[in-house]
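Excluded from the calculations below are hydrogen atoms, water molecules and symmetry mates; all remaining heavy atoms, backbone and side chain alike, are included. Letters go in sequence order (proteins before strands), and every chain restarts at 1.
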Amino acid sequence: MKELSKAYEAKKYEDAIYKRWEQSGFFDPDVCIKKRVSKKTAKPFSIVLPPPNVTGTLHMGHAVMLAVQDVMIRYHRMKGEITLWLPGTDHAAIATQTKVEKMIFDAEHKTRQDMGREAFLRRVEQFARESHDTIVNQCKKMGASLDWSREAFTLDDARTLAVRTMFKQMYDDGIIYRGDRIVNWDPVMQSNVSDDEIEWKEETTAFYYLKYGPFVIGTARPETKFGDKYIVMHPDDQRYKKYQHGQKLEADWLNGKITATIVKDKAADMAFGTGVMTITPWHDATDFDIALRHKLDREQIIDYNGKLLPIAGEFAGLDIVEARPKIIEKLKTRGLLETIDEKYVHRVATNYRGGGVIEPQIRKQWFIGVTREFQRGGKKVTLKKLMQAAVKNGDIEIIPDRFNKTYFHWIDNLRDWCISRQIWYGHRVPVWYRGNEVFCGVQSPKGAGWEQDPDTLDTWFSSGLWTFSTLGWPKKTKDLVAYHPTSVLETGYDILFFWVARMILMTTYALGKVPFQTVYLHGLVRDEQGRKMSKSLGNIIDPLDMISQFGTDATRLSLIVGNTPGNDMKLSEAKVAGFRNFTNKLWNVARFMLLNVKKPKVIIQRPQGKTLADKWILVRLTATIQEVTTRLEAYNFSLAGETLRRFTWDELADWYLEIAKVEGNKDRILNYILNTILKLWHPFMPFVTEAIWQEVYRGKTVLLGARWPEANTLTSAKKITQEFALMQSIVIGLRAIRSDYRIDPANKIPVLMNTRKQKKLLQTLSPVIRDLARTGEMTVATSVKRPVASVAFVVQTGVEVFVDLLGVVDKEKERMRLQKEIDTLAPYVASLEKKLSNEQFVTNAPSSVVDEQRRKLNETREKLSKIIAQQKSLS
RNA sequence: GGACGACUAGCUCAGCUGGUUAGAGCACUGCAUUCACAUUGCAGGGGUCACAAGUUCGAAUCUUGUGUCGUCCACCA
């Protein structure tokens, strides 16, 4: 048997292991079925990978999602389920186009308009192709066991067919419509974006009070006010009782006299300012709604480049930012400016994709009507209702469940979804026009003279189909039947609305099914101070950097342990380093076990233990298998990892292996334990476990394809645990005294034990205790005399231990040491006595609790009295 | 304005449906180095569980309120 190197070197193994996995075919469920016995009876388990942007690079957000999903996938695969993890990338229309536009402009000083649509798109596609391999290879670096044979792209042919089919179906159902509606226009990007793509930024600006006829109106945006000719007030506002709805009046305004009309509408807030406002329906969503309600005129003031139109008179052609102070000047000279509030705080809409300030505009766009009725199973339904029902009736479970509320609240406030964009990269709206004719279809219409709609679709439209478009829809493929609905969707809570909700919308509509049964939402990875990682703060922890420094397993583990659903987590390099230490510990545990085993063998059946320690470690391992399994089933990955870590380090390495050195001859049991813990750890730390597996079993099988361990609870587990705990506390007590009294490690001092009940057990265990505590001769008896120069302590069930110091004992020091013990025990005994003398407690508390307290009281009393006796005997 | 989350040892967090003498990792202190591992071992110090009131025989855990921090949502011009 070849010896393992002293330390685990992740770099030496990882890439080769990933290749080995890919060659094994186990990533592909079809191969898995063939290679393993399980077939028809096995359950399917499927996850679609939230597709990373095709032009992106791996960041901690990706790393955490890959780690969590790979834990689930590997666990279910090992359980024997037919497990599919389907990869893909997202064309991320806006992000990618913006990136390429910038690159081209920086290098060649050309805009996309300079290049033309065709040429520009060729460049974007080329970039996406080149960039694709980067992100894919980075996913592999994380050890993700994805089935690359099924890889998809949101913009490939199969997905394009799905997108067009879906669009046409919704169009035919009247759910997709085209209309003049107010949209969020980004003048910088020259496209509109959906409501969810807006980021509100708080800003302190000046707020102007202007005279408008007999009224005073307030505005933060005087540059939009040129055309204002409606005065809106609340119908119940007593101050303006004398004005009638529809009443006309003359006002002196920016460009001279204007005829204004009174509008009574509840949208006016009586408590705000003067309670009176003028409206600009073309550039404000609220105003637009008011105008819609009362069928008012709308007029465009600002063009799509953010410049003022001729209605602004002498300001026409000016950018709104430069025009504002000039307009204020004019208002002043005309005597229309009443006052200015310089510290007005309000929120400005910006494009979250780094675009400019949003200027609402009315434009003819494509929308998905979320409240439009359509037929479904003989009933009239709406998309909103379908989305609500899927979660409300329990078809989809969201973890953590508090996000249910967030989800419902979002749906309640949901407006029609604007799906058309004026950018070029993406799915073209599948609609063609010829004169007054309109054609919507999967293929372009026959005949000449048709022109296609120039707009593209919101990237989330194609992402919304992801769970089923990746499985082959609209074709009725085997995959679609086998793996849909998918089992789990795992993603960050920050895209609950963007993506999760949209998938529910699309899937319930198109398939009448939910896209997934469980949604697991992870939190954001933040820096050690809890700040978001960002380039400008320079606090980014690069997962690839962590991998190269500490290994993939350590990086993964640091993202799993201490990470709970829906909560953000803090990450530091120190944390990753800590798990690198653990990786090495596991490696060395294996190294030790191999050195102590004659021949490595795969042992799946739990062997019988001979000694107490054997039995104990088997009890603990069995409990660990059960606990880890339960935790994983409950999506409690962090606790599963901690459970395993505790077993491996605290129980196996610190106790059992040390005892194995003394007892020896443990081939069978060591083989079994090693085999089992490698399997248990594999989902969390795939590389180091596979590396050990390959070294141990000479590459005959892959751990990736091994079966998850199972074990029935052992009988007499409780007795075994108690006896072992007694042994542990004796060892710990002895070590503490050695440490306290600075006893040289080479000094093997004699120990005597007084015990009634455990004499035989302790006699059997003395060789182990002697070795672990490094003591000398050990006497166990029912009543031994305490040596003159000795110190003592008491452990469970009244076992008294005397350590013979073979010299003079510092009586004062010993008295103090015992006193300290008395000081902690005495109040405890008192509190237990008080509790048990309380009749209310004895009658109301369950008898098991009362019994337990009694037991503790007796035990502690006995211990305390012995310690007091020891203290007395000192003098 | 509404909703949600967090507040437990110096730091990061466990503590499930109320009963433990409140735990872990890191950091800290002391000791230890042929014998799997110093990316280590052994022993230790450290917490009025944010605050207040309530329910209960019993509260870190349940209820209500307060505070601090954070997140999301909302058409106040």
Side-chain angles (χ1 to χ4, degrees), chain A residues 3-4 6-8 200 207 217-221 224 232 267-269 271-280 284-290 346-347 400 402-403 405-406 409-410 412-413 415 493-494 496-497 523-524 528 530 550 554 561-564 566-572 574-575 577-596 634 636 638-639 642 645-646 650 653-654 657-658 661 732 735-740 742-745 772-774 824-825 827-829 831-832 835 838-846 848-850 852-853 856 860:
Chain A
E3 246 184 69
L4 299 184
K6 263 197 156 188
Y8 172 64
W200 295 91
F207 190 77
I217 59 150
T219 184
R221 303 198 56 197
T224 64
V232 183
D269 182 353
F272 187 90
T274 58
V276 175
M277 63 179 177
T278 62
I279 56 167
T280 316
D284 185 283
T286 314
D287 295 0
F288 178 82
D289 287 344
I290 296 171
H346 74 149
R347 300 190 316 150
R402 64 185 146 90
F403 280 97
K405 211 169 175 176
T406 318
H409 186 244
W410 178 78
D412 289 344
N413 286 305
R415 299 211 208 179
Y493 65 77
D494 52 328
L496 178 63
F497 305 143
L524 269 51
E528 41 193 331
F550 306 110
V561 176
N563 188 1
T564 49
N567 296 324
D568 293 352
M569 68 173 310
K570 292 175 192 169
L571 185 71
S572 63
K575 190 176 174 187
F579 284 109
R580 185 268 322 265
N581 294 357
F582 177 73
T583 313
N584 191 55
K585 186 76 186 181
L586 183 66
W587 176 262
N588 272 288
V589 164
R591 181 171 132 92
F592 171 82
M593 289 167 108
L594 287 174
L595 289 171
N596 286 277
N636 232 322
S638 177
L639 285 177
E642 277 185 54
R645 180 190 155 114
R646 187 177 321 125
D650 301 351
D654 289 350
L657 295 186
E658 292 304 320
K661 286 178 190 170
I732 290 168
R735 284 169 177 170
I737 284 183
R738 294 195 71 103
S739 183
D740 256 16
R742 302 280 152 85
I743 297 166
D744 190 273
L772 293 188
R774 297 185 188 273
T824 55
L825 289 177
Y828 182 46
V829 168
S831 80
L832 285 171
K835 202 184 237 178
N838 181 347
E839 258 182 61
Q840 300 267 39
F841 170 70
V842 178
T843 49
N844 288 325
S848 63
V849 173
V850 178
E852 177 64 11
Q853 302 293 313
K856 278 183 185 165
T860 318

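- Along RNA chain B, the nucleotide nearest Ala271(A) and the nucleotide nearest Trp200(A) are compared for position; the residue whose nucleotide lies closer to the 5' end is Trp200(A).
- Rounded to whole Å, atom C1' of U56(B) lies 12 Å from atom CG of Asn838(A).
- Base engagement by Arg347(A) is indicated by at least one non-hydrogen atom pair under 4.0 Å involving a base atom.
- Out of C37(B), G19(B), C75(B), the shortest distance to the side chain of Thr286(A) is found at C75(B).
- In this structure, the nucleotide among C75(B), G19(B), C73(B) sitting nearest to the side chain of His409(A) is C73(B).
- Here the closest non-hydrogen pair linking Thr860(A) and Lys856(A) is OG1-O, 2.5 Å.
- Across the P atoms, A36(B) and C28(B) are found 28 Å apart, a figure rounded to whole Å.
- Here the side chains of Asn596(A) and Lys661(A) are not in contact, with every heavy-atom distance at 4.5 Å or above.
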If the sugar-phosphate is the primed atoms plus P, OP1 and OP2 and the base is the rest, what is the B/S/- string for nucleotides 11-16 of chain B, using protein heavy atoms under 4.0 Å? -SSSS-
Worked verdict on Phe288(A) versus Ile279(A) for side chain to side chain contact (heavy atoms under 4.5 Å, CB included): CA-CA 8 Å; Phe288(A) 178 82; Ile279(A) 56 167; over 6 Å; no
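- Atom name P, nucleotides C42(B) and A24(B): the rounded distance is 14 Å, in whole Å.
- Between Asp284(A) atom CG and A77(B) atom P the separation is 8 Å, expressed in whole Å.
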Check against side chain to side chain contact (heavy atoms under 4.5 Å, CB included), Met277(A) and Thr219(A): CA-CA 8 Å; Met277(A) 63 179 177; Thr219(A) 184; over 6 Å; no
Based on Watson-Crick and G-U pairs with both distances under 3.5 Å, what dot-bracket line describes RNA chain B 5' to 3', crossing pairs as [ ] and inter-strand pairs as |? (((((((..((((.....[...)))).(((((.......))))).....(((((..]....))))))))))))....
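- At the heavy-atom level, Ala220(A) lies nowhere under 4.0 Å from the strands shown.
- The main-chain N or O of Lys6(A) is found under 3.5 Å from a side-chain atom of Asn588(A) such that the two form a donor-acceptor pair.
- Rounded to the nearest Å, the gap between the P atom of U63(B) and that of C26(B) is 35 Å.
- Of all heavy-atom pairs spanning Ala577(A) and Phe550(A), the tightest one is CB-CE2, 3.7 Å.
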Given the rule in the side chain to side chain contact (heavy atoms under 4.5 Å, CB included) test, do Gln853(A) and Val850(A) qualify, once you have shown the distances and angles that lead to the verdict? CA-CA 5 Å; Gln853(A) 302 293 313; Val850(A) 178; 5.8 Å; no
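- Between Phe592(A) and Lys405(A), the residue whose closest nucleotide on RNA chain B is further toward the 5' end is Lys405(A).
- Annotation: A27(B) and A9(B) have their C1' atoms spaced 11 Å apart (nearest Å).
- A distance of about 23 Å separates the C1' atoms of G23(B) and G5(B), rounded to the whole Å.
- Nucleic acid contact for Glu658(A): base, since at least one base atom lies under 4.0 Å from a heavy atom of the residue.
- For Arg735(A), the CZ atom is densely surrounded, since the number of other residues' heavy atoms within 6.0 Å is greater than 12.
- Spacing between C57(B) and U12(B) at atom C1', rounded to whole Å, works out to 37 Å.
- Arg646(A) comes within contact range of no nucleotide atom at all, as no heavy-atom separation falls under 4.0 Å.
- Following rounding to the nearest Å, Arg221(A) (CZ) and C75(B) (C1') show an atom-to-atom distance of 15 Å.
- Contact check for Phe841(A) versus Val849(A): side-chain heavy atoms found under the 4.5 Å cut-off.
- Of the side-chain N and O atoms in Lys661(A), none sit less than 4.0 angstrom from OP1 or OP2 of C35(B).
- The separation between Phe403(A) atom CZ and A6(B) atom P is 11 Å, rounded to whole Å.
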Assess whether salt bridge (charged side-chain N to carboxylate O under 4.0 Å, His left out) is satisfied between Glu642(A) and Arg645(A), documenting all intermediate values. CA-CA 5 Å; Glu642(A) 277 185 54; Arg645(A) 180 190 155 114; over 6 Å; no
Protein within reach of the bases, or only the backbone? For nucleotides 39-44 of chain B, mark each nucleotide 5' to 3' as B, S or -, using heavy atoms under 4.0 Å. BSSSSS
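- Among the atoms of the strands shown, base atoms are found under 4.0 Å from some heavy atom of Gly275(A).
- Atom NZ in Lys856(A) sits about 6 Å away from atom P in U20(B), given to the nearest Å.
- Across the protein-nucleic acid pair, Asp287(A) atom CG and A77(B) atom P stand 10 Å apart, rounded to whole Å.
- Only the P atoms considered, A14(B) is 24 Å distant from A52(B), to the nearest whole Å.
- A distance of 14.5 Å separates CZ of Phe403(A) from NE2 of His409(A), quoted to the nearest 0.5 Å.
- Looking at heavy-atom distances under 4.0 Å, Ala590(A) makes no contact with the nucleic acid at all.
- Atom P of nucleotide G25(B) and atom CZ of Phe579(A) are separated by 11 Å, given to the nearest angstrom.
- Among the heavy atoms of the strands lying under 4.0 Å from Arg645(A) are primed sugar atoms or P, OP1, OP2 only; no base atom is included.
- An OP1 or OP2 oxygen of U20(B) is reached within less than 4.0 angstrom by a side-chain nitrogen or oxygen of Lys835(A).
- Separation of the P atoms belonging to C72(B) and C62(B) is 26 Å when rounded to the nearest angstrom.
- Atoms CG (Asn413(A)) and P (C72(B)) sit 16 Å apart, rounded to a whole Å.
- Residue contacts shown for Pro827(A) are absent, as no nucleic acid heavy atom lies under 4.0 Å away.
- Taking the six-membered ring where tryptophan is involved, the planes of Tyr8(A) and Trp587(A) are tilted, since the angle between them lies from 30° to 60°.
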